[in-house]
Number of protein chains: 2
Amino acid sequence: MIRKSPNEQSKLFNKKLVLQCIRTYQPISRAEIAGKLNFSKPTVSILVDELVQENWIHERGIGESSSQGGRRPIQLYFNEKAAYVIGVDIGGTKVKVAISDLSGNIICLRAFNTKKHLEQLMKMLYGEIFDMMEQSQIAEESVLGMGVGVPGIVETETGVVLEAPSLNWIRYPFLTESERYFSFPVYVDNDVNVAVLGEQWLGSAQKKDNVLFIAVGTGIGSGIIIHNQLYRGASYAAGEIGYLVTDKNDMKKEFKPIFHRYGYLESVAGGKAIGEKLTMAIREERNHPLYNDAITSELTGKQAFLLASEGDKIALQIVENALEHLAYGIINAASLLNPEVVILDGGVMKSADFILPRLQKIVQPYLPSSVGIHQSELGENAGVLGAISLFLREYDSILNAPNFC
Amino acid sequence: MIRKSPNEQSKLFNKKLVLQCIRTYQPISRAEIAGKLNFSKPTVSILVDELVQENWIHERGIGESSSQGGRRPIQLYFNEKAAYVIGVDIGGTKVKVAISDLSGNIICLRAFNTKKHLEQLMKMLYGEIFDMMEQSQIAEESVLGMGVGVPGIVETETGVVLEAPSLNWIRYPFLTESERYFSFPVYVDNDVNVAVLGEQWLGSAQKKDNVLFIAVGTGIGSGIIIHNQLYRGASYAAGEIGYLVTDKNDMKKEFKPIFHRYGYLESVAGGKAIGEKLTMAIREERNHPLYNDAITSELTGKQAFLLASEGDKIALQIVENALEHLAYGIINAASLLNPEVVILDGGVMKSADFILPRLQKIVQPYLPSSVGIHQSELGENAGVLGAISLFLREYDSILNAPNFC
DNA sequence: CTATTAGTTAGTTAATTTTATTAACTAAAA
DNA sequence: TTTTAGTTAATAAAATTAACTAACTAATAG
């Protein structure tokens with residue numbers, strides 16, 4: 001007769017705790033784990049032995065005994081090569097794909113053009129990924145799954161992308177589509193949410209339970225971690241910091257709220273808006289060195305910040321106005337959320353040296369001194385690493401994987 | 001939470017689940033519980049029998065069998081009179097104390113003047129509570145504990161009130177003091193946090209996991225529930241909606257941020273500010289019916305809204321400006337937090353019929369249609385009920401109580 | 001300086017306790 | 001007779017305690 005254990009999840013739960021403990025405190029001994037988790041020594045021994053059997057951890061070497069003597073401890077290490085995870089960062093211009101080990105070390109990285117393969121995106125993704133796996137000699141069985149960041153609103157429970165303007169997706173059933181190609185589990189979320197998870201895993205927000213991540217790109221978006229959990233909002237609309245109103249009178253004059261998916265703050269401080277304003281301004285200045293560029297095409301937010309930091313007066317004025325709005329946006333958001341850190345990221349942050357001090361000067365008097373404002377640390381690979389982090393989070397524990405040894 | 005299978009915690013955990021199940025779905029049978037919780041029938045029977053023994057639940061009557069026959073189920077009911085909880089709402093003018101059963105039915109209610117007993121507040125509280133217990137014939141053993149709401153910043157882990165201007169408390173060790181008088185556990189928190197818990201328990205936010213509660217009184221404060229958990233912030237400063245900046249230019253002209261514990265939004269839309277503005281305005285209008293009152297003393301925010309709803313032009317102008325700021329404050333907060341409901345409360349909400357439609361008109365175009373804006377439902381007893389809810393939450397489960405039967 | 005011994009810590013083994021399960025029952029209805 | 005509610009008895013699994021072995025330090029006697 002098959003009998004269910006008296007609490008199926010219970011042992012697995014404790015095993016996960018032991019693994020988590022080894023992962024964070026490695027190298028660590030069985031005795032130390034027992035102390036930290038308040039488990040008995042035999043329990044730890046059994047769980048550790050199973051974890052070793054399953055190849056999630058390794059015994060390697062022995063530590064020093066304390067000054068008072070005693071048997072020397074056996075060092076346990078997490079086996080970061082026990083399995084691999086795939087991270088995908090779908091952007092408006094390019095799609096980045098990475099395979100990493102369980103510690104976020106990137107094994108293989110590729111990118112392809114979004115627009116060129118938009119019609120066959122999932123197929124292209126499939127091809128690239130299996131090519132990468134072959135190239136890196138990673139077997140399909142050792143791939144736990146995949147995390148994906150998408151520039152739009154994602155219904156995470158169903159994996160449907162409700163809206164992603166830059167990809168022309170409306171109600172695109174990402175998960176259903178991906179299941180036609182991939183046998184491993186896949187998780188999708190908004191790109192900013194993915195980014196803040198990445199920052200908390202490997203970047204500026206490590207060990208922080210309450211994080212506000214602001215991305216200033218074309219528009220302005222934010223990702224919120226509260227109580228160590230991603231907060232997506234009641235209808236996937238939390239963190240719409242681009243919708244903040246920092247000057248209601250100016251807003252009533254200049255802004256039409258009928259625009260869907262475009263808020264006031266982005267209309268005055270978003271990269272696109274800054275670029276447009278700069279373009280317009282320079283078109284009226286025949287002597288400006290960029291006059292011709294401005295006539296032929298639009299200038300970008302990035303260029304505006306670059307010019308400003310070089311001392312260009314027109315750019316400086318536009319940029320400082322935008323920064324002031326952004327600063328009050330941060331003040332508003334931080335007043336409500338009281339995070340431990342505010343992390344800034346996005347295209348315009350290339351000029352962080354110019355931006356951060358100016359923001360800080362305005363923001364500082366209004367916030368508790370404990371709130372730090374920092375730049376994103378992950379840089380280029382933030383997107384894919386965040387996607388990998390999303391997978392690891394949602395998957396809850398690598399221990400859910402079928403044993404593969 | 002650590003669950004070790006064959007030790008105390010695991011069984012207790014399951015027992016709590018069963019009790020919770022009965023509490024929410026009563027009347028309910030053993031068989032139904034087994035189905036809902038995916039427990040075996042014997043397990044449920046054992047846990048239920050223990051709960052009956054311990055007097056937390058009752059067997060009462062038998063239900064109907066299904067149309068296909070079968071033995072009729074024994075109905076189980078939660079015993080809301082199994083224990084009692086004390087709620088205390090400390091306000092600037094009066095302290096309200098209530099004893100309620102486990103369902104929030106108030107058994108006994110009293111109030112006393114805050115200022116008069118401020119020096120001996122804890123002693124006074126002690127006297128009143130034990131008098132109430134005697135009067136209601138409630139034994140000390142059946143009192144689980146006490147929840148307290150305080151108008152100030154509270155370090156909830158230690159129970160120290162960091163700052164409560166209206167009580168002249170600075171770093172007042174509430175919990176340490178209370179332990180000198182009360183043998184049962186006590187939990188303290190900020191009054192707005194307490195209020196939102198109350199609303200979620202018995203008011204407008206029942207069954208909502210993400211709630212924004214805004215109290216417009218002298219100042220403006222808010223309480224935030226996210227993922228069904230109170231969010232206090234990294235340094236107990238979350239929800240400072242009174243600090244929002246809704247008009248940065250006006251702010252730079254009119255407002256000095258050096259003021260501690262007083263924000264821009266309260267300075268333009270708080271009850272005190274509205275009262276002051278109205279007073280000033282009427283002092284310049286010799287013919288106004290309230291001219292003499294305004295000369296001799298300050299008018300209040302409540303009065304301003306009353307006058308405005310009666311059509312007084314001066315009041316109307318002041319109040320509508322304030323409401324506009326408040327509306328943009330709500331827009332900002334809701335854009336970031338994307339709550340399921342926004343609940344408004346506080347002194348000025350006496351004129352809710354006047355206020356709500358006006359707010360809604362401004363706010364609606366900017367928020368997802370799913371976000372409802374409602375008035376607080378608990379009214380007079382919101383404070384004490386919230387405090388009781390705080391206790392029941394923090395205490396996690398009434399099952400932690402020592403058995404008393 | 002070496003050998004012995006006492007004390008300390010790491011980890012294992014064996015017996016036991018607790019919990020929840022399955023299988024098989026009784027009870028009571030259509 | 002069939003169906004559902006609830007109980008009883010036997011059993012499996014997880015984690016415990018107690019007692020062990022293993023391996024070390026440090027003190028001390030010779």
Side-chain angles (χ1 to χ4, degrees), chain A residues 1-18 21-22 25 27-53 57-77 399, chain B residues 1-18 21-22 25 27-53 57-77 399:
Chain A
M1 283 314 98
I2 301 154
R3 300 224 155 125
K4 271 206 249 174
S5 67
N7 212 342
E8 294 167 55
Q9 308 120 344
S10 175
K11 188 181 179 186
L12 192 65
F13 185 85
N14 290 340
K15 204 158 148 185
K16 283 178 192 174
L17 285 179
V18 169
C21 189
I22 295 169
Y25 296 108
I28 190 174
S29 69
R30 288 168 172 81
E32 270 185 280
I33 296 170
K36 275 200 201 296
L37 297 182
N38 246 323
F39 288 171
S40 67
K41 291 197 286 173
T43 302
V44 172
S45 279
I46 288 169
L47 296 176
V48 161
D49 289 352
E50 285 182 25
L51 287 169
V52 169
Q53 277 294 309
I57 60 173
H58 279 143
E59 291 184 333
R60 179 149 38 91
I62 40 179
E64 290 302 305
S65 34
S66 73
S67 60
Q68 299 176 83
R71 176 173 169 175
R72 290 164 70 190
I74 301 169
Q75 307 280 42
L76 300 170
Y77 291 84
L399 271 189
Chain B
M1 227 241 303
I2 302 159
R3 283 183 303 236
K4 303 188 197 177
S5 175
N7 89 10
E8 332 94 55
Q9 293 186 40
S10 170
K11 186 180 178 186
L12 191 64
F13 185 84
N14 290 339
K15 205 158 150 184
K16 284 178 192 173
L17 285 179
V18 169
C21 190
I22 296 170
Y25 297 108
I28 191 174
S29 69
R30 288 167 173 79
E32 270 185 278
I33 296 171
K36 273 197 201 300
L37 297 181
N38 246 324
F39 287 172
S40 67
K41 290 197 287 174
T43 303
V44 172
S45 279
I46 289 169
L47 296 177
V48 161
D49 290 351
E50 285 182 27
L51 287 169
V52 170
Q53 277 294 309
I57 60 173
H58 280 144
E59 291 183 334
R60 180 148 37 92
I62 42 179
E64 291 303 304
S65 35
S66 74
S67 62
Q68 300 179 82
R71 174 174 171 177
R72 292 165 67 190
I74 302 169
Q75 306 280 41
L76 299 170
Y77 290 85
L399 271 188

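Naming convention: chains lettered A, B, ... in sequence-line order (proteins, then strands); numbering from 1 in each chain.
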What is the distance, rounded to the nearest whole Å, between atom CD of B/Glu64 and atom P of C/dA28?
16 Å
Residue B/Ser29, side-chain heavy atoms: nucleotide from D/dG6, D/dT8, C/dG11 that is nearest:
D/dG6
Quick check on DNA chain D: between A/Val44 and B/Arg72, whose nearest nucleotide comes earlier from the 5' end?
B/Arg72
In whole angstroms, how far is the P atom of D/dG6 from the CD1 atom of B/Ile28?
10 Å
Find the distance between CG (B/Leu76) and CZ (B/Arg30) and round it off to the nearest 0.5 Å.
5.0 Å
From NZ of B/Lys41 across to P of D/dG6 the rounded distance in Å is 8 Å
Among D/dA5, D/dT7, C/dG11, which is the nearest nucleotide to the side chain of B/Asp49?
D/dT7
Side chain to side chain, A/Val18 and A/Leu51, heavy atoms closer than 4.5 Å
yes
Options D/dA14, C/dT22, C/dT19, nucleotide nearest the side-chain atoms of A/Lys11:
D/dA14
I'd like to check B/Thr43 versus B/Leu37 (side-chain heavy atoms, cut-off strictly below 4.5 Å). Are they in contact?
no
A/Leu47 CG - D/dA13 P separation (whole Å):
16 Å
Closer than 4.0 Å, any side-chain N/O of A/Ser45 to the OP1 or OP2 of C/dT12?
yes
Name the closest nucleotide to the B/Arg71 side chain, picking from C/dG11, C/dA27, C/dT12.
C/dA27
Under 4.0 Å from OP1 or OP2 of D/dA14: is there any side-chain N or O of A/Thr43 that close?
no
Identify which nucleotide among C/dA28, D/dC24, D/dT3 has an atom closest to any side-chain atom of B/Gln68, counting heavy atoms from C-beta outward.
D/dT3
At under 4.0 Å between heavy atoms, what does B/Ile46 touch on the DNA or RNA strands: base, sugar-phosphate, or nothing?
nothing
What's the CZ-C1' distance between B/Arg30 and C/dT26, to the nearest Å?
15 Å
Under the salt bridge (Lys or Arg N to Asp or Glu O under 4.0 Å) test, residues paired with A/Arg71 that sit two or more places apart:
none
Whole-Å distance separating the CG atom of A/Asn38 from the P atom of D/dT16
9 Å
Using atom CD of A/Glu59 as one end and atom P of C/dA10 as the other, report the distance to the nearest whole Å.
15 Å
Less than 4.5 Å apart, side chain to side chain, heavy atoms only: is that true for B/Glu32 and B/Tyr25?
no
side-chain N/O A/Asn14 vs D/dA15 OP1/OP2, d < 4.0 Å:
yes
Rounded distance in Å - CG (B/Leu12) to C1' (C/dT19):
13 Å
Side chain of A/Phe39 - closest among C/dG11, D/dA5, D/dT16
D/dT16
